[in-house]
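Comments concern the structure below.
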Amino acid sequence: QVQLVESGGGLAQAGGSLRLSCATSGRTFSRSTMGWFRQVPGKEREFVAVISWSGGSTYYADSVKGRFTASRDNAVNTAYLQMNSLKPEDTAVYYCAATVLHVDYGLYRSSKYYDYWGQGTQVTVSS
């Protein structure tokens, strides 16, 4: 069983930065593709970013490209999402997710390809 625990959310001003962490348990982290999603009340969960098992490949939603950076440290079983130049529209609950499925990178935009999810962490950006 894999458990994911997000941390690092909070309140930031527009233009500020936050770094989210996703600590995982279980022995599959180094083989898992890690995704980041976000959700606001009343809307569907939205893809943010994905990073390959090695960290060598990343893919971002257009809305965060150039501002957010996904990374990982397999030695400590943790994935990260560095969020810079935050905007009020980035306000959401952020989730990390893990999968061992190998699909085309564009398909990782869909939450259905992920097996494990964290509990979410709130990010609030004030204007």
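Quick caveat, the model's predicted, so the values are computed rather than measured.
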Subject >> Beyond-backbone contact of Trp36 with Leu20, side-chain heavy atoms, under 4.5 angstrom >> reply: yes
Original post:
Are Trp53 and Tyr59 co-members of a hydrophobic cluster defined by side-chain heavy atoms under 4.5 Å apart?
Top reply: no
**OP:** Find the distance between CZ (Arg38) and CD (Glu44) and round it off to the nearest 0.5 Å.
**Re:** 14.5 Å
**OP:** Could you grab the distance from atom OG of Ser71 to atom CD1 of Ile51, nearest 0.5 Å is fine?
**Re:** 6.0 Å
Original post:
If you count the non-hydrogen atoms of other residues, nucleotides and ligands that lie under 6.0 Å from CD in Gln13, is the total more than 12?
Top reply: no
**OP:** For residues Asp115 and Val2, determine if any side-chain heavy atom of one lies less than 4.5 Å from a side-chain heavy atom of the other.
**Re:** no
**OP:** Determine the minimum heavy-atom distance between Cys22 and Leu4, stating which atoms define it.
**Re:** SG-CD2, 3.7 Å
Original post:
Minimum heavy-atom separation for Ser52 to Tyr105, with atom names?
Top reply: CB-OH, 2.6 Å
Original post:
Looking at CG of Leu18 and CG of Leu11, how far apart are the two atoms once the value is rounded to the nearest 0.5 Å?
Top reply: 8.5 Å
**OP:** Work out which heavy atom in Gly120 is nearest to a heavy atom in Glu6; give both atom names and the distance.
**Re:** N-OE1, 2.8 Å
Original post:
Hey, are Asp73 and Thr78 close enough side-chain-wise for a donor-acceptor pair under 3.5 Å?
Top reply: no
Original post:
Linking I/L/V/M/F/W/Y whenever any side-chain heavy atoms sit under 4.5 Å apart, do Val93 and Met83 land together?
Top reply: no
Original post:
Is Val125 reachable from Leu81 through a run of hydrophobic residues whose side-chain heavy atoms are each under 4.5 Å from the next?
Top reply: yes
Original post:
Which residue, Tyr114, Tyr108, Tyr94, Tyr95, forms the ring-ring contact (aromatic ring centres under 6.0 Å, His included) with Phe37?
Top reply: Tyr114
Subject >> Shortest non-hydrogen separation from Leu86 to Ala12 and the atoms involved >> reply: CD1-CB, 3.8 Å
Subject >> Note: Asp90-Lys87 ion pair, threshold 4.0 Å (strictly below) >> reply: no
Original post:
Within a radius of less than 6.0 Å around CD of Gln119, do more than 12 heavy atoms belonging to other residues, nucleotides or ligands occur?
Top reply: yes
**OP:** Hey, could you give me the OH/NZ distance between Tyr60 and Lys65, rounded to the nearest 0.5 Å?
**Re:** 10.5 Å
**OP:** Identify the heavy atoms of Gln82 and Ser17 that sit nearest to each other, and give their distance.
**Re:** NE2-CB, 3.9 Å
**OP:** Could you grab the distance from atom OG1 of Thr33 to atom CG of Leu101, nearest 0.5 Å is fine?
**Re:** 8.5 Å
Original post:
Does the cation-pi check pass for Arg45 over Trp117, that is, NZ or CZ under 6.0 Å from the six-membered ring centre and within 45° of its axis?
Top reply: yes
**OP:** Could you tell me whether the side chain of Thr99 and the main chain of Tyr113 form a donor-acceptor pair under 3.5 Å?
**Re:** yes
Subject >> Nearest atoms (heavy-atom pairs only) where Gln39 meets Ala92 >> reply: O-CB, 3.5 Å
Original post:
Is there a donor-acceptor contact under 3.5 Å from the side chain of Ser54 to the main chain of Gly56?
Top reply: yes
Subject >> Side-chain donor/acceptor of Thr24 to backbone N/O of Phe29, under 3.5 Å >> reply: no
Original post:
Any donor-acceptor pair under 3.5 Å linking the side chain of Ser110 with the backbone of Leu107?
Top reply: no
Original post:
Can Arg72 be said to sit on top of Tyr80's aromatic six-ring, NZ or CZ under 6.0 Å from centre and within 45° of the ring axis?
Top reply: no
